[in-house]
Amino acid sequence: MLVVDLSRYLPGPFATRELLRLGARVVRVEPPEGDPMRLVDPRWDAELNAGKESVVCDLKTEPELAQALCLRADVVVEGFRPGVAARLGLEPGPETVWCSITGFGTGGRHAQRVGHDLNYLGWAGVLEATAPTNPPVPVADFTGSFAAVREILAALLDRERTGRGSRLEVSMTHEAHRLAAPPLLTGAAACYRVYACADGRHLTVAALEPRFWQRFLELVGLPGLDAFAPELPELAARLRERPLADWLELLDGEEVYAGPVATLAEAGAEFGTTPPGRAADLGEHTEAWRAQLRAR
């Protein structure tokens with residue numbers, strides 16, 4: 001299936017990367033200066049867009065190529081503010097699944113409000129328990145991405161039944177609000193927290209169940225502490241007595257729900273995946289698509 005990605009930065013490109021992983025052919029339509037992510041973070045841009053094709057098109061002065069691609073596409077993903085795609089003359093074909101990833105949806109008082117991930121999380125109430133600390137990942141962007149993939153796959157299944165495309169709308173703020181966690185899971189309980197070790201590294205503890213919590217306490221030599229106390233200074237002090245590697249060795253093989261805060265390099269070595277080829281140069285596939293669309 002052909003997926004045309006008109007979006008920029010992270011939410012749309014992450015969604016189309018997932019569709020690529022599932023077997024789609026993805027074409028990213030970029031302005032003459034390229035997706036801003038190429039300059040903001042070239043490494044991340046390369047990871048997001050490895051295996052995709054790149055077509056350059058100035059949507060304001062020469063939208064015809066993008067218009068033709070949208071009519072040809074099985075799926076179009078865009079992240080414009082509501083109404084912009086229509087003003088540019090970008091419309092889906094009758095069988096196209098068109099997905100708009102928005103900040104706040106197309107209705108209501110925030111529809112035209114600009115924003116990025118951190119703004120959406122703030123509006124969604126997700127940051128209440130942890131502000132002013134930034135979240136470690138752009139949660140609203142990723143929830144928008146995965147919601148887009150979910151809705152697109154459902155729409156493609158529906159198209160198999162009806163033969164018709166559909167228009168989809170994803171609001172990153174609404175999706176983030178759905179995932180807002182209770183205080184228990186954001187640091188309000190001693191049994192579910194990140195603790196510092198002697199070497200400056202950190203141990204995650206998530207022993208919500210009583211038997212796992214009690215076993216953890218036995219192993220660290222502090223039985224009988226209250227799992228749901230807001231603070232346990234004696235536990236924090238005990239875990240600062242030894243380096244992370246020592247605690248991991250002690251806890252390995254035990255059902256205690258504890259683990260390391262790994263570095264990105266450590267996590268990548270164990271859990272990382274190989275990108276599907278390289279990221280295309282800006283506009284690398286423009287002329288090939290012009291020729292292909294003219295031939296139809």
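Residue indices begin at 1 and follow the sequence shown. Values in this document were obtained by computation on a predicted structure and should not be read as measured data. Hydrogens, waters and symmetry mates are skipped; everything else that's a heavy atom, side chains included, is used.
- Between the side chain of W247 and the backbone N or O of R242 there is at least one donor-acceptor pair closer than 3.5 Å.
- Annotation: side chain of E175 is not in contact with side chain of M172 (no heavy-atom distance under 4.5 Å).
- Judged as a side chain to side chain donor-acceptor pair (under 3.5 Å), the pairs with a partner in residues 34-45 (not counting sequence neighbours) are, in order, R28-D35, R28-D45, E30-R38, R43-E47, D45-N49.
- Taking the side chain as every heavy atom from C-beta outward, F14 and D141 never approach each other to under 4.5 Å.
- Residue pairs satisfying the salt bridge (Lys or Arg N to Asp or Glu O under 4.0 Å) criterion with at least one member in residues 68-85, sequence neighbours excluded, are listed as follows: D74-R159.
- Between the CZ atom of R238 and the CG atom of L222 there is a distance of 4.0 Å, given to the nearest 0.5 Å.
- Note that the CZ atom of F216 and the CG atom of L235 stand 5.5 Å from one another [nearest 0.5 Å].
- Between the side chain of S145 and the backbone N or O of P11, at least one donor-acceptor pair lies under 3.5 Å.
- Between V126 and A176 the shortest heavy-atom distance is CG2-O, 3.5 Å.
- Aromatic ring centroids of H174 and F104 lie 6.0 Å or more apart.
- In this structure the side chain of K52 never reaches within 4.5 angstrom of the side chain of V27, judged on heavy atoms.
- Side chain of Y120 to main chain of G115: a donor-acceptor pair is present (N/O by atom type, distance under 3.5 Å, no hydrogens or angles).
- Counting only heavy atoms from C-beta outward, the side chains of V56 and L65 never approach each other to under 4.5 Å.
- In this structure a side-chain-to-backbone donor-acceptor pair under 3.5 Å is present from E266 to T263.
- Within the 4.5 Å cutoff, no side-chain heavy atoms of V77 are placed close to those of L6.
- A distance of 5.0 Å separates CG in L121 from CG in L127, rounded to the nearest 0.5 Å.
- Of all non-hydrogen atoms in E91 and W98, the two that sit nearest each other are C-CZ3, 3.7 Å.
- Under the 4.5 Å side-chain heavy-atom criterion for Ile, Leu, Val, Met, Phe, Trp and Tyr, L203 and V194 are members of distinct hydrophobic clusters.
- Hydrophobic clustering of Ile, Leu, Val, Met, Phe, Trp and Tyr side chains at less than 4.5 Å, counting indirect connections, keeps Y192 apart from L239.
- The aromatic rings of Y257 and F212 sit tilted relative to each other, their planes meeting at an angle between 30° and 60°.
- Following chains of ILVMFWY side-chain contacts shorter than 4.5 Å, one can reach I152 starting from V26, so the two form part of one hydrophobic cluster.
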Exercise for the section: Would you sort out whether R193 and E231 count as a salt bridge (Lys or Arg N to Asp or Glu O under 4.0 Å), showing the intermediate values? Expected result: CA-CA 10 Å; R193 190 167 295 172; E231 299 291 339; 3.3 Å; yes

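- The CD atom of E64 sits 7.5 Å away from the SG atom of C57 when rounded to the nearest 0.5 Å.
- Taking the side chain as every heavy atom from C-beta outward, H202 and P260 never approach each other to under 4.5 Å.
- Using a 4.5 Å cut-off on side-chain heavy atoms (C-beta onward), V4 and V75 make no contact.
- For the pair L248 and G259, the tightest heavy-atom approach, listed with the atom from each and the gap, is CD2-C, 4.0 Å.
- Atom CZ in R8 sits 13.0 Å away from atom CD1 in I101 (nearest 0.5 Å).
- Taking hydrophobic clusters as Ile, Leu, Val, Met, Phe, Trp and Tyr residues chained together by side-chain heavy-atom distances below 4.5 Å, L232 shares a cluster with V205.
- Side-chain contact between H110 and W123 is present, with at least one heavy-atom pair separated by less than 4.5 Å.
- For the 3.5 Å distance criterion, the side chains of E284 and S54 fail to qualify, holding no donor opposite an acceptor.
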